[in-house]
A.B. asks: 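Before I ask anything, let me first share the structure, which is written out below as structure tokens.
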There are 2 protein chains.
Amino acid sequence: MPTESGRRIPEATVSRLPQYYRVLLENTGTGLVTISSDRLAELAGVNAAKVRKDLSYLGSFGTRGVGYDIEYLLHEIARELGLTQDWPCVIVGIGNLGAALANYRGFGARGFRVVALADADSSKVGQKVADLEIEPVTELTTICEREKVTIAIIATPQSESQNVADTLVEAGVKSILNFASGMLSVPDGVAVRKVDLATELQILSFYQLRNGNGNNGSANGTGPS
Amino acid sequence: MPTESGRRIPEATVSRLPQYYRVLLENTGTGLVTISSDRLAELAGVNAAKVRKDLSYLGSFGTRGVGYDIEYLLHEIARELGLTQDWPCVIVGIGNLGAALANYRGFGARGFRVVALADADSSKVGQKVADLEIEPVTELTTICEREKVTIAIIATPQSESQNVADTLVEAGVKSILNFASGMLSVPDGVAVRKVDLATELQILSFYQLRNGNGNNGSANGTGPS
DNA sequence: GCCACCTTGTGATCATTTTCTCTAAGTCTG
DNA sequence: CAGACTTAGAGAAAATGATCACAAGGTGGC
Ligand SMILES: NC(=O)c1ccc[n+]([C@@H]2O[C@H](COP(=O)([O-])OP(=O)(O)OC[C@H]3O[C@@H](n4cnc5c(N)ncnc54)[C@H](O)[C@@H]3O)[C@@H](O)[C@H]2O)c1
Ligand SMILES: NC(=O)c1ccc[n+]([C@@H]2O[C@H](COP(=O)([O-])OP(=O)(O)OC[C@H]3O[C@@H](n4cnc5c(N)ncnc54)[C@H](O)[C@@H]3O)[C@@H](O)[C@H]2O)c1
């Protein structure tokens, strides 16, 4: 059910667009103007046919015999992914991981701006991390409204994650990135993605056992739930 | 090309086994002895038929009319994922993220033990993080051999990640969890999994644009590269 | 022991994703 | 300007994964 045009972009494609985007960005300084699907595929670590199929969902703006105009392609992907706008983010749970994320200057670079931090621990509230003051998690609703937060990052212990998610959803947040290990129940229309260390390690463990089967694991975040 | 039996476990199934494992673990204290595919599916946030299909790849040890014996199922999944053995891990790049990972007591719990830390910054070398002394990255080969490292976690800047990976592969490491954003080229038989914040956020951004399409994003780590 | 009830395991079907192949469209050289 | 060459785009086929539907097997009540 696409918002504007008739084309529907497959989930698998969506999860690869950021990779292409990154690779293209890395090629903007090099004087290159165009890039072929072959080269892009090589840099992104995927199959060239896949690149062409993926990009064809965005429209047909490659030039046969030449390739894709890098600037234009960047612009199109950015538009499709919504990277042309600003997404204010909040991080909930400023422990080991939350603090590292807050200090991470690197995704703030491209539209994702951490605008608030929240924690339940009163001894942490008021402390400054990465120039932001940690606020009490009881104020979460207020914070989200004040800052027009659209994306929330949960880095609390697993036991608290559902509560926090409920509050966030209540406050109108529509996208959640969850670092706690459990599953989150959210209403339709709210997107959740999970990053789970333990899962990743366990998958590696599996392939370690079956070593030499040529299966390279595979990058994250791609598949359907 | 499975190691022992004739059954081959699909990649998609492998990436769900850790979820089942976690859910089952959370149900060991509750006095419950068995669990039905329905209940397990609900707790893991997937379809019941999928649970049964997945588990059927491990063999048929459910009891019709009753469900699966929790202890036995845990044991079987652990065996399949190789969680019955110890996997010594090294973390390379002890910055914001690397330090958070090193301090994280939680995956050390189940077979994954961080046994060494390495960094290129000489001012960090010798410091202690989580009771481990940071060693120079130039010693990486020695460290891997000394500690019999099988899984490496890369948390260096992206620019260094390929170099580090090459060294690790050289030293015989067969599984890499990469937090840097780029792609890693590794020989066949080495598994790489990637955790990329920027990618996750960008995917969320996409679904934020197309809001209300009923697509919940979907959990990570499932899909093929 | 028979019967009503549950729940697994699996063959069949459907959907999605990946890959292959080939054509059409363009560039570049001479 | 013609011909060689490069590369996107699209249709078809193959592979993989999700879901359905139901028979087979097992439990517990009586
Ligand atoms: N640290 C890591 O490397 C790592 C890796 C993978 C997963 N995780 C997961 O990320 C989460 C956080 O890990 P961590 O190591 O940072 O833990 P942590 O204990 O260091 O931090 C958790 C923080 O959440 C806060 N908190 C607790 N309840 C809260 C609530 N209801 N609302 C807001 N804040 C609350 C705590 O005060 C604390 O500051 C855990 O679920 C963990 O499993 C962490
Ligand atoms: N911090 C985060 O929340 C976060 C989130 C997502 C992704 N990342 C990625 O994780 C990586 C690390 O992020 P960070 O915030 O910890 O960065 P950081 O700069 O804090 O830490 C990087 C560490 O790597 C060390 N290092 C540099 N070159 C090295 C080499 N050749 N060998 C060994 N160590 C080396 C540095 O000395 C430093 O200690 C980056 O690639 C970043 O993009 C970080």
A.B. asks: With a non-hydrogen cut-off below 4.0 angstrom, is F61(B) in contact with a base, only sugar-phosphate, or nothing?
C.D. replies: sugar-phosphate

A.B. asks: Out of dT27(D), dT18(C), dG17(D), which nucleotide sits closest to the side chain of K50(A)?
C.D. replies: dT18(C)

A.B. asks: Can you check the L55(A) CG to dT7(D) P distance for me, whole Å?
C.D. replies: 15 Å

A.B. asks: Stepwise, does the salt bridge (Lys or Arg N to Asp or Glu O under 4.0 Å) test hold for E147(B) with R113(B)?
C.D. replies: CA-CA 11 Å; E147(B) 304 286 350; R113(B) 213 159 29 86; over 6 Å; no

A.B. asks: Atom CG of D54(A) and atom P of dA10(D): how far apart are they, to the nearest Å?
C.D. replies: 14 Å

A.B. asks: Just so I know, are the side chains of R52(B) and Y68(B) near enough to count as touching, which here means a heavy-atom distance under 4.5 Å?
C.D. replies: yes

A.B. asks: Using the C1' atoms of five pairs at each end, what's the angle between the two axes of the helix from dG1(C)-dC30(D) to dG30(C)-dC1(D), to 10 degrees?
C.D. replies: 20°

A.B. asks: Nearest to the S36(B) side chain among dT7(C), dT17(C), dA8(D), which nucleotide is it?
C.D. replies: dT7(C)

A.B. asks: Using a cut-off of 6.0 Å, state whether more than 12 heavy atoms not belonging to Q85(B) lie near its atom CD.
C.D. replies: yes

A.B. asks: Rounded off to whole Å, could you give me the CG-to-P distance for the N47(A) and dA13(D) pair?
C.D. replies: 19 Å

A.B. asks: Give the rounded distance in Å between these two atoms: CZ of R16(B) and C1' of dG17(D).
C.D. replies: 8 Å

A.B. asks: Identify, between R52(B) and P10(A), the residue whose nearest nucleotide on DNA chain C lies closer to the 5' end.
C.D. replies: R52(B)

A.B. asks: Does K53(A) or T63(A) map to a spot on DNA chain C nearer the 5' end, using the closest nucleotide for each?
C.D. replies: K53(A)

A.B. asks: Can you tell me if E26(B) has over 12 outside heavy atoms packed within less than 6.0 Å of its CD?
C.D. replies: yes

A.B. asks: Do the side-chain N and O atoms of Q19(B) and T199(A) include a donor-acceptor pair separated by under 3.5 angstrom?
C.D. replies: yes

A.B. asks: Which nucleotide in the list dG9(D), dG25(D), dG17(D) gets nearest to the side chain of R64(A)?
C.D. replies: dG9(D)

A.B. asks: To the side chain of A49(B), which of dG9(D), dT19(C), dC20(D) is closest?
C.D. replies: dC20(D)

A.B. asks: What is the distance, to the nearest angstrom, from the CD1 atom on I70(B) to the P atom on dT7(C)?
C.D. replies: 14 Å

A.B. asks: Sequence neighbours excluded, which residues qualify as side-chain contact (heavy atoms from CB on, under 4.5 Å) partners of Q208(B)?
C.D. replies: W87(A), T150(A), I151(A), K174(A), S175(A), N211(B)

A.B. asks: E42(A) has an atom CD; how far is it from atom P of dT7(D), in whole Å?
C.D. replies: 12 Å

A.B. asks: For Y68(B) and dT7(C), give me the distance from atom OH to atom C1', rounded to whole Å.
C.D. replies: 9 Å

A.B. asks: With sequence neighbours excluded, what pairs up with E71(B) under the salt bridge (Lys or Arg N to Asp or Glu O under 4.0 Å) test?
C.D. replies: none

A.B. asks: What is the distance, to the nearest angstrom, from the CD atom on E11(A) to the P atom on dT17(C)?
C.D. replies: 6 Å

